[in-house]
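Worksheet for the structure shown next.
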Amino acid sequence: MTVLADRDIRARIEARQIVIEPYDPGDLQPSSVDLHLDRSFRVFRNNRYPYIDVRQAQPDLTEMVTVGEDEGFILHPGEFVLGQTLEWVELPDDLVARLEGKSSLGRLGLLIHSTAGYVDPGWRGNLTLELSNVSNLPIALYPGMRVGQISFLVLSSPVERPYGSPGLGSKYQGQSEPTESAFHRDFTRTRRGPGSRR
């Protein structure tokens with residue numbers, strides 16, 4: 001796979017083959033585009049369930065919190081919350097994207113994703129951030145701050161079934177707020193159990 005350089009990202013955005021809204025040309029980096037933090041966070045409530053059961057829907061496991069434009073969200077040491085990018089992102093069927101944290105924030109102990117740094121071809125929506133504070137001090141997060149960067153990789157050919165296609169089980173297409181896990185839906189689909197033959 002080939003990583004798109006700045007001129008190629010610019011050309012794809014201008015041709016609407018990559019959609020980033022809102023987009024500021026000043027956010028274009030040598031091989032990525034900076035993304036910003038939105039105002040909404042999904043906070044886990046540990047007093048509602050004795051544990052997280054990945055097979056069950058637990059609709060009130062998290063609670064949405066929205067901060068004011070100039071208000072900081074305080075992320076405490078060891079805390080994990082879901083946030084999202086301010087930007088809506090759309091990918092064509094011949095690109096995948098990688099979402100990475102900003103180095104300067106990583107040096108403060110802020111991680112922006114655990115495993116969700118991969119964005120499929122055909123994706124449309126705001127990107128959910130898995131925010132963790134691994135430092136020993138609270139971190140104030142502010143709406144609009146640069147929080148990550150997205151880079152784009154060209155596939156060997158356009159995919160046959162982009163994200164969101166029928167039958168794929170795509171769970172998050174079109175999301176516009178920090179979205180809780182929908183992993184429990186996998187248990188309602190036909191799946192092989194442990195030790196079953198392929």
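When a residue number appears, it is its place in the shown sequence, counting from 1. All values derive from a computational prediction rather than experimental measurement.
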Donor-acceptor pairs are to be reported for all side-chain atoms of residues 156-163 against protein atoms at under 3.5 Å, with residues two or more places apart or in another chain.
from	atom 1	to	atom 2	distance (Å)
Tyr163	OH	Lys171	N	3.3
Tyr163	OH	Tyr172	N	3.0

For [X] against [Y], the heavy-atom pair lying closest together:
X	Y	value
Ser135	Leu108	CB-O, 3.4 Å
Leu75	Asn133	O-ND2, 2.8 Å
His76	Pro138	ND1-CG, 3.9 Å
Gly164	Ser170	N-OG, 2.8 Å
Ile74	Ala140	CD1-CB, 3.7 Å
Asp27	Arg146	OD1-NH2, 3.0 Å

Is the closest side-chain heavy-atom distance between Gln175 and Trp123 below 4.5 Å?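 Counting from C-beta outward, Gln175 and Trp123 do come under 4.5 Å.
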Answer yes or no: is there a side-chain heavy-atom contact under 4.5 Å between Leu131 and Ile112?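 Of all side-chain heavy-atom pairs linking Ile112 with Leu131, at least one is under 4.5 Å.
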Report the residues that fulfil side-chain hydrogen bond (donor to acceptor under 3.5 Å, both in side chains) with [X], sequence neighbours left out, ordered by chain and then residue number.
X	answer
Ser40	Thr66
Asp70	none
Arg55	none
Ser165	none

Can you name the residues that form a side-chain contact (heavy atoms from CB on, under 4.5 Å) with [X], not counting sequence neighbours?
X	answer
Asn136	none
Arg16	Val19, Glu21
Ser176	Trp88, Asn126

Test your reading of the model: is there a side-chain donor-acceptor pair from [X] to the backbone of [Y], 3.5 Å cut-off?
X	Y	value
Arg124	Glu90	no
Glu79	Val43	no
Ser114	Glu130	no

Gap between atom [atom2] of [Y] and atom [atom1] of [X] - 0.5 Å precision:
X	Y	atom1	atom2	answer
Leu61	Ile52	CG	CD1	5.0 Å
Leu35	Gln84	CG	CD	11.5 Å
Leu110	Leu105	CG	CG	5.5 Å

Under the 4.5 Å side-chain heavy-atom rule for ILVMFWY, direct or indirect, which residues accompany Leu111?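 So far as hydrophobic clustering goes, Leu111 is joined with Val134.
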Checking Tyr142 now: which residues fulfil ring-ring contact (aromatic ring centres under 6.0 Å, His included) with it, not counting sequence neighbours?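 For Tyr142, no residue satisfies ring-ring contact (aromatic ring centres under 6.0 Å, His included) once neighbours in sequence are set aside.
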Under 3.5 Å, which donor-acceptor pairs link side chains of residues 91-102 to any protein atom two or more places apart or in another chain?
from	atom 1	to	atom 2	distance (Å)
Asp94	OD1	Arg12	NH1	3.1
Asp94	OD2	Arg12	NH1	3.3
Asp94	OD2	Arg12	NH2	3.0
Arg98	NH2	Glu100	OE2	3.4
Lys102	NZ	Asp34	OD1	2.8
Lys102	NZ	Asp34	OD2	3.4

Using the side-chain contact (heavy atoms from CB on, under 4.5 Å) rule, pick out the option among Ile18, Leu4, Val33, Leu28 that qualifies with Arg10.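 Option passing the side-chain contact (heavy atoms from CB on, under 4.5 Å) with Arg10: Leu28.
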Restricting to pairs with a member in residues 1-41, which pass ring-ring contact (aromatic ring centres under 6.0 Å, His included), not counting sequence neighbours?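 Those involving residues 1-41 are Phe41-Phe73.
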State plainly whether one hydrophobic cluster holds both Phe80 and Met64, where clusters connect Ile, Leu, Val, Met, Phe, Trp and Tyr through side-chain heavy atoms under 4.5 angstrom apart.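 No, no single cluster joins them.
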Find out if a path of hydrophobic residues (ILVMFWY) with successive side-chain heavy-atom gaps under 4.5 Å connects Val81 to Leu86.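 No; Leu86 is not reachable from Val81 via cluster members.
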Show your working on side chain to side chain contact (heavy atoms under 4.5 Å, CB included) between Thr2 and Asp8 and close with a plain yes or no. CA-CA 11 Å; Thr2 301; Asp8 302 306; over 6 Å; no
For Leu127 and Ile150, what are the C-alpha separation, side-chain angles and deciding distance, and is it a side chain to side chain contact (heavy atoms under 4.5 Å, CB included)? CA-CA 10 Å; Leu127 298 168; Ile150 190 168; 4.1 Å; yes
